[in-house]
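Below is one structure, written out as structure tokens, with a few remarks after it.
Note that the numbering runs from 1 along the sequence shown for the chain. In each ligand, atom 1 is the first atom listed, and ligand 1 is the first ligand listed.
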Amino acid sequence: MKEKLQKYARLLIEVGLNIQKGQNLMISAPIECAEFARMCASAAYDVGCREVIMNWKDDLSDRLKYLKAADDVFDTYPEWRKEMLTEHAKGGGALLNIYATDPENMAGVDHDRLVRSERSAGLALEEYRQLQMSNTVPWCVASVPIPSWAAKVFPDAEPDDAIDLLWDAIFNAVRVTDDTDAVEEWRNHIDQLTIRKDRLNELNLKSLNYKNSLGTDLVVELPEGHIWAAGSESTKSGQVFVANIPTEEIFTAPKRDGVNGVIVSSMPFVKDGNIIENFKMTLKDGKIVDVQADKGVEVLRNAIAVDEGASYLGEVALVPYDSPISNTKILFYNTLFDENASCHFAFGQAYPSSIKGGENMSKGELDRRGINDSITHEDFMVGTEDLSIIGITQDGKQIPIFVDGNFAF
Ligand code: ZN
Ligand code: ZN
């Protein structure tokens, strides 16, 4: 087990972030994952990292804050914390986010506090978010089991067994095994994603038409000059990194005002420690104008109302139904894994790199090109085994992109 953990830590540092000599690294991690976070720190120093800064997280302390802190706390964001994050990113520091949380950590918490807090953090961290979203610094999101999360994924298992089962599922998803070189496996995987990504870029589609038996029936226009991305990305200074481990998606941005129809979710969506199930959105000229859900509808309505851009889509991502994480049939209640098992969209901000030259465009220019802006960005899943996606070319030809949940090419 220790060897596998070290392989995984090296994978995150050497492929995920590709840490350079003299570069700083900030690791955000739950306190339950301290041992693994230290392994990552050690792997980073081994390749010449200048300094590792730890940013510890704790679900239970967070929950206590939302239940018991003074009410005005949720309308402000500490200046020192903003400075800590922003200065690190401005200095070119890499970001490793070990993301693991109890999917129901905030059940019963006042929604208003969650929304106000997201808004104040969003405003305070504007610069930090832009540095990350525009790939000015390398960043990587990965996960490690914690007891509360493992119990939700494997409710019938004993607590220790649930942790082991979740570790197995994660190792499988991130291609870490006893007898293979994970770094090599990842290079091959990224090459495979690149082939399909290149094909989609050659097609230069005008729009995508989605349909399945759950009720999704949607037209998604793509902006002029859009770029499909997958696998690895590159910072402005040329440092190649992988923003999500695992990653199975090929994604771009939709045209902000060019999405029309109905989207029906195919998996639960976890937002701020609350679970939203079986939801349906209606979009008109890009805007989400109606939302319904069997569970958590209020949380979802608040999430898309956090600012103007939150009610428009910022990402369209393709993942085959027949793919490694999807085939495990495990519902992870963790977007990092669930989004890589299913075609999905995100509401909120689009990646500027989804359009040619976008990284160097001003906010106004991105807006004119149909690239959405928001303080939020939340992926939610729509893929099913019968999903059909037809691509429409610039001259009106129809090209099958997805047939029965999988790529048609
Ligand atoms: Zn995605
Ligand atoms: Zn996303």
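For the pair R113 and Y66, the NZ or CZ position fails the cation-pi test of under 6.0 Å to the six-membered ring centre and within 45 degrees of the ring normal.
Two rings, from Y210 and F345, have their centers less than 6.0 Å apart.
No other N/O/S atom of E339 lies as close to the Zn ion (ligand 1) as OE1 does.
Residue side and main chain included, E315 places an N/O/S atom under 2.8 Å of the Zn ion (ligand 2). Inclusion of D379 in the first shell of the Zn ion (ligand 2) is supported: an N, O or S atom falls under 2.8 Å. Inclusion of H377 in the first shell of the Zn ion (ligand 2) is supported: an N, O or S atom falls under 2.8 Å.
Between the side chains of Q349 and T376, no donor-acceptor pair is found at a separation under 3.5 Å.
Using the six-membered ring where Trp is involved, W167 and Y8 have ring planes that are perpendicular, over 60° apart on the 30 and 60° scheme.
Take the Zn ion (ligand 1) as the corner point: the lines to OE1 of E249 and to NE2 of H344 open at 80°, to the nearest 10 degrees.
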Verdict with supporting geometry, K211 and S388, side chain to side chain donor-acceptor pair (under 3.5 Å): CA-CA 5 Å; K211 244 183 203 146; S388 134; over 6 Å; no
